[in-house]
Student: 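Could you have a look at this structure, given as structure tokens, before my questions?
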Amino acid sequence: MPELPEVETVRCGIAPILEGQTLTNLVVRRANLRIPFPPNMVDRLKGQDITTVGRRAKYLLVRFANHDVLLIHLGMSGRMTIHDSATAPEPGKHDHVDFVTKGGKTLRFNDPRRFGLMDLTTEEELGAHRLLAELGPEPLGNEFNGDFLADALVERSQPIKAALLDQTLVAGLGNIYVCESLFRAGVSPRRKARNVGDKKARLLASVIVEVLREAIDAGGSSLKDHRQASGEMGYFQHNFSVYGREGEPCPGCTCDHEKSGGIQRIVQSGRSTFFCAERQR
DNA sequence: ACGAGAACCTGTTTGC
DNA sequence: TGCAAACAGGTTCTCG
């Protein structure tokens with residue numbers, strides 16, 4: 001489920017547990033997720049000191065004092081939970097990895113579908129890593145703005161929905177936040193990227209930043225409420241405008257819902273798109 | 001070269 | 001009620 005805001009929420013939740021800690025133990029309970037675990041991962045990381053927990057697109061970056069960097073992707077169903085090591089529950093079927101710190105905490109990675117992955121690289125080789133090298137700019141970074149998006153869209157003939165999901169164009173958007181952003185900007189998901197137009201492209205860029213920031217803020221506040229209770233983070237109920245709302249009236253739309261059918265669900269390149277055909281042109 | 005579709009997995013929801 | 005189909009927030013490969 002995690003898109004950029006959820007990954008950022010997970011990062012905020014696990015950073016205080018990991019940063020400045022020694023990784024006293026690393027328990028890996030199977031050979032692979034989407035790809036094999038690095039064969040030497042446990043030997044290489046056990047006993048190392050963690051410096052920071054960062055993020056690039058939907059990847060978590062756990063940095064170590066010796067310049068090793070662990071890449072973690074949560075896939076569709078990856079979760080992290082925090083436990084006191086002394087009282088951590090018996091690992092369940094999909095609890096694939098435990099990170100145990102000197103400070104007495106266990107960070108547990110759970111992923112039923114196993115679309116997640118972990119890989120190991122170094123600070124020096126990070127930029128050239130195959131999983132990161134082709135990524136577009138961070139949507140919340142300086143590079144991403146109206147100029148950038150307008151220029152990028154002109155070169156693409158695919159539907160705008162597909163263009164925004166392409167991680168090489170801009171990195172970190174997923175199905176939900178693309179739907180939400182297109183709704184807020186009033187752009188039809190079916191419109192070809194190159195036909196979005198300069199003005200709408202610029203609006204879209206600012207709306208994307210807005211939507212992501214709001215989601216991160218919501219995650220931050222839910223993290224505060226949620227964490228001491230369950231130890232789980234990154235999954236919270238959002239108030240989406242269109243995502244998952246097929247058949248409901250379009251929020252804030254003055255058009256005739258009976259006539260327009262409200263929010264529609266269509267399938268684009270195998271994924272659900274939710275939108276209001278009246279408002280989004 | 002590009003886009004659509006399938007594949008990778010398991011769990012949950014929906015529909016007959 | 002029960003079972004099968006559809007569906008799920010991601011990525012990557014194949015095929016036309």
Side-chain angles (χ1 to χ4, degrees), chain A residues 1-11 29-37 55-60 71-80 91-97 109-119 129-136 139 152-183 189-195 208 211-212 214-216 218-219 222 232-247 263-275:
Chain A
M1 315 191 175
E3 301 183 30
L4 186 152
E6 289 76 29
V7 177
E8 181 60 19
T9 300
V10 170
R11 192 195 65 76
R29 302 194 178 84
R30 53 174 299 122
N32 62 291
L33 294 171
R34 197 177 88 212
I35 63 174
F37 287 105
R55 180 188 58 74
R56 171 73 171 110
K58 299 171 192 170
Y59 292 90
L60 293 164
L71 275 68
I72 304 175
H73 197 291
L74 300 173
M76 292 274 265
S77 57
R79 294 161 184 258
M80 293 282 191
K93 193 175 173 186
H94 305 299
D95 290 332
H96 306 307
V97 179
F109 177 83
N110 173 287
D111 184 7
R113 292 178 74 177
R114 306 202 301 275
F115 290 166
L117 67 83
M118 294 188 195
D119 202 11
H129 191 281
R130 64 179 186 90
L131 296 171
L132 305 184
E134 306 301 319
L135 292 174
L153 294 187
V154 165
E155 302 186 353
R156 300 205 170 216
S157 58
Q158 60 195 148
I160 183 65
K161 165 87 187 300
L164 294 176
L165 280 176
D166 182 346
Q167 304 294 297
T168 71
L169 182 87
V170 55
L173 297 177
N175 205 29
I176 292 179
Y177 294 107
V178 168
C179 290
E180 294 292 307
S181 299
L182 288 171
F183 170 75
R190 292 194 273 221
R191 182 170 288 275
K192 283 187 191 246
R194 66 158 60 107
N195 296 335
I208 286 168
V211 165
L212 293 178
E214 286 173 20
I216 290 170
S222 95
E232 188 172 309
M233 69 209 64
Y235 298 81
F236 35 88
Q237 293 304 315
H238 280 304
N239 296 315
F240 300 126
S241 297
V242 288
Y243 188 84
R245 295 188 181 275
E246 183 181 15
I263 295 166
Q264 298 179 33
R265 185 178 82 92
I266 60 172
V267 176
Q268 294 180 286
S269 48
R271 323 244 359 229
S272 289
T273 299
F274 297 88
F275 74 114

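Below, chain A is the first sequence line, B the second, and so on; all start at residue 1. Worth knowing before you read on, the calculation uses all heavy atoms, side chains too, and leaves out hydrogens, waters and symmetry mates.
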Student: Who are the side-chain hydrogen bond (donor to acceptor under 3.5 Å, both in side chains) partners of Q264(A), not counting sequence neighbours?
Tutor: none

Student: Looking at the base of dC9(B), is there any donor atom on it, or on the side chain of R113(A), that sits under 3.5 Å from an acceptor on the other one?
Tutor: yes

Student: Respond yes when some side-chain nitrogen or oxygen of H94(A) is under 4.0 Å from OP1 or OP2 of dG11(B), and no when none is.
Tutor: yes

Student: Using the P atom as the point on both nucleotides, what is the distance between dG5(B) and dA6(C), in whole Å?
Tutor: 15 Å

Student: Extract from the structure each pairing of a protein N or O with an N or O of nucleotides 12-15 of chain C at less than 3.5 Å, listing the distance.
Tutor:
unit_1, atom_1, unit_2, atom_2, d
dT12(C), OP1, R34(A), NH2, 3.4

Student: Name the pairs: protein N/O against N/O of nucleotides 1-5 of chain B, kept only if under 3.5 Å.
Tutor:
unit_1, atom_1, unit_2, atom_2, d
dG3(B), OP1, Q158(A), N, 3.2

Student: Mind checking side-chain hydrogen bond (donor to acceptor under 3.5 Å, both in side chains) for R190(A) and listing every partner two or more places apart, or none if nothing turns up?
Tutor: none

Student: How does DNA chain C read in dot-bracket, base by base from 5' to 3', with Watson-Crick or G-U pairs under 3.5 Å and | used when the partner is on another strand?
Tutor: .|||||||.|||||||

Student: Using a cut-off of less than 4.0 Å, is there contact between a side-chain N or O of K93(A) and OP1 or OP2 of dT10(B)?
Tutor: no

Student: Enter the distance from R194(A):CZ to Q158(A):CD here, rounded to the nearest 0.5 Å.
Tutor: 10.0 Å

Student: Within the stacking criterion (centroid distance below 5.5 Å, interplanar angle below 30°), does F115(A) stack on dT11(C)?
Tutor: no

Student: Shorter than 3.5 Å, N or O on both sides, protein versus nucleotides 5-7 of chain C: list them out with atom names.
Tutor:
unit_1, atom_1, unit_2, atom_2, d
dC7(C), OP1, R265(A), NH2, 3.0

Student: Considering only the P atoms, how many Å lie between dT1(C) and dG11(B), rounded to the nearest integer?
Tutor: 24 Å

Student: Looking at R114(A), I'd like to know whether one of its side-chain N or O atoms comes within less than 4.0 Å of OP1 or OP2 on dC8(B).
Tutor: no

Student: Ignoring backbone atoms, establish whether H73(A) has a side-chain N or O less than 4.0 Å from OP1 or OP2 of dT11(C).
Tutor: yes

